[in-house]
2 protein chains.
Amino acid sequence: MVMKVGTMTKKQSQSGTIESVASALEKAIHEHRLPPGSKLGEDDLAEIYGVSRTQIRAALQALSHLKLVEHKRNRGAFVAQPTLREAREVFEARALLEPRTAHSAAARCTPEDVEKLRAHIEAEHAALAAGDNGRALHLSGLFHIEIARIADQETIAAFIAQLVSRSSLIIALYWRRRMAMCESHAHDALIAALAAHDGPQAEELMKSHLLDLVSSLDLRNQLSAPGSLREALT
Amino acid sequence: MVMKVGTMTKKQSQSGTIESVASALEKAIHEHRLPPGSKLGEDDLAEIYGVSRTQIRAALQALSHLKLVEHKRNRGAFVAQPTLREAREVFEARALLEPRTAHSAAARCTPEDVEKLRAHIEAEHAALAAGDNGRALHLSGLFHIEIARIADQETIAAFIAQLVSRSSLIIALYWRRRMAMCESHAHDALIAALAAHDGPQAEELMKSHLLDLVSSLDLRNQLSAPGSLREALT
DNA sequence: GAATGCAAGATTGCATACAATCCTGTCGAC
DNA sequence: GTCGACAGGATTGTATGCAATCTTGCATTC
């Protein structure tokens with residue numbers, strides 16, 4: 001049935017197995033191949049990746065610290081289902097961090113950085129054209145993380161990376177239909193501002209980009225949250 | 001020699017042992033009883049806390065994700081030694097997060113919150129008077145985290161909590177002698193602004209408070225960093 | 001006498017085995 | 001007929017044992 005996907009991965013990374021397992025899971029979650037609420041059984045994962053339960057547990061624990069999976073006692077690990085409140089908080093945190101980080105990035109942005117960002121956008125467009133919405137979303141997230149890296153702020157970049165990952169879950173849960181990621185425009189404009197070293201412009205563009213993103217979600221009531229079931233059936 | 005400190009802790013918390021071990025270690029690091037670079041041997045900790053190595057490993061892994069301990073392959077876990085660059089980044093991140101969080105907190109601050117903060121300060125003063133510098137520092141950190149909680153932002157509060165913990169390590173490494181935490185003044189003023197719901201004032205006070213903190217450190221060159229040895233002896 | 005190679009001890013990395021807990025389907029009683 | 005109790009199966013939590021790796025002290029050689 002399920003091929004042992006992990007065999008190659010295992011050999012390639014020698015003893016960084018738990019990181020490769022964690023990033024593989026993270027990517028799958030990012031690309032919405034593992035929707036929120038999915039059960040992540042330890043035995044299943046151990047067989048899929050060809051490693052022992054010990055390493056699976058470590059990987060799940062790592063993702064749990066990133067708030068990507070939730071651990072229920074004696075029940076196991078599940079892909080996290082951010083609450084409405086959590087969703088709002090994540091985007092408030094992004095609004096606090098990302099605009100000024102983009103500002104800093106504009107000052108330090110090198111031509112190579114611009115090239116890298118353009119490559120990202122191109123890959124995003126390609127994925128979108130191929131109908132691979134999940135991959136496009138993943139690349140769109142990497143774009144934001146790359147900007148934080150350009151700003152030369154590893155610490156803040158790590159925070160933003162976590163927030164972007166969680167945003168992916170939030171989008172999966174609270175997405176308001178249609179609107180096939182027209183944000184590419186916003187990303188194009190951002191690149192232009194960064195390339196021109198226009199800090200204030202980059203900051204403003206990032207701020208409005210995030211506002212657009214939030215407004216494309218439905219964070220008013222739990223209209224679409226399939227998480228609780230209790231509240232879904234009252 | 002070493003008394004089995006963990007016995008009581010073990011029984012009290014039933015199966016939350018890894019959390020109690022982690023928080024005990026975190027507190028010890030916070031209070032500078034475990035200086036940066038300290039070896040954290042698994043067997044030693046297992047005996048001290050009266051639990052198995054498995055749980056020690058989990059606790060160390062958790063602290064590693066908070067950047068409080070560093071894991072060296074086949075060498076074990078050590079209390080982290082933030083680099084100069086990391087130190088600067090931590091305080092830049094705090095400067096980005098905390099002032100505006102204080103602003104939000106001012107709007108939501110209730111009389112009970114004010115009471116709680118005052119109790120914190122009082123305990124801090126008491127610890128300082130008792131000569132327990134480490135505990136005073138710990139409480140001073142909790143003060144900042146409490147403000148983030150008042151702002152009703154769990155996500156940002158978690159980030160700030162991590163940054164405060166790392167700040168404690170940075171202070172241990174890059175502390176410029178004298179100046180026995182005169183920041184109590186700053187905390188008093190902050191409480192006043194919060195109680196008066198004066199958002200802009202709270203924001204400004206927090207910003208200058210953090211600047212004061214940074215200026216009390218020595219982040220220009222690695223004059224006092226005992227971490228690298230390679231760079232210390234060139 | 002100094003440097004290199006080697007071996008023993010110690011410590012972490014990993015996997016497996018066992019115990020505890022939970023879910024679910026079935027049987028029995030009211 | 002429905003509700004409650006119980007047992008079987010499955011899954012996670014935890015501990016222990018073995019293998020891999022690093023450190024360090026010692027012996028041997030130049």
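Reminder, nothing fancy here: chain letters follow the sequence lines and each chain counts from 1. Just so it is clear, the model here is predicted, and its values are computed rather than measured.
For B/Asp44, there are no side chain to side chain donor-acceptor pair (under 3.5 Å) partners, not counting sequence neighbours. Scored by the salt bridge (charged side-chain N to carboxylate O under 4.0 Å, His left out) test, B/Glu154 finds B/Arg149 as partners (sequence neighbours excluded).
Within 6.0 Å of CZ on A/Arg33 lie no more than 12 heavy atoms contributed by other residues, nucleotides or ligands.
The CZ-C1' distance, from B/Arg57 to D/dT14, rounds to 14 Å in whole Å. Atom C1' of nucleotide C/dG13 and atom CD1 of B/Ile56 are separated by 16 Å, given to the nearest angstrom. Spacing between atom CD of A/Gln61 and atom C1' of D/dG13 amounts to 12 Å, rounded to whole angstrom units. As rounded to whole Å, 6 Å separates atom P of C/dG13 from atom CD of B/Glu42. Atom CG in A/Leu45 sits about 14 Å away from atom P in C/dA15, given to the nearest Å. What separates CD of B/Gln55 from P of D/dT12 is a distance of 18 Å, to the nearest Å. Distance, B/Ile18 CD1 to D/dT12 P: 17 Å, rounded to whole Å. At whole-Å resolution of the value, CG in A/Asp43 and P in D/dG13 are 12 Å apart.
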When every nucleotide of nucleotides 16-23 of chain D is labelled 5' to 3' by its protein contacts under 4.0 Å (heavy atoms), B for base, S for sugar-phosphate only, - for none, what sequence of letters results? BB---SSS
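Relative orientation of the B/His187 and B/His209 rings is perpendicular, given thresholds of 30° and 60° on the angle between their planes. Taking the six-membered ring for Trp and thresholds of 30 and 60 degrees, A/Phe143 and A/His120 have ring planes more than 60 degrees apart, a perpendicular arrangement.
Judged purely by distance below 3.5 Å, without hydrogens or angles, the side chains of A/Asp212 and A/Ser215 never pair a donor atom with an acceptor atom.
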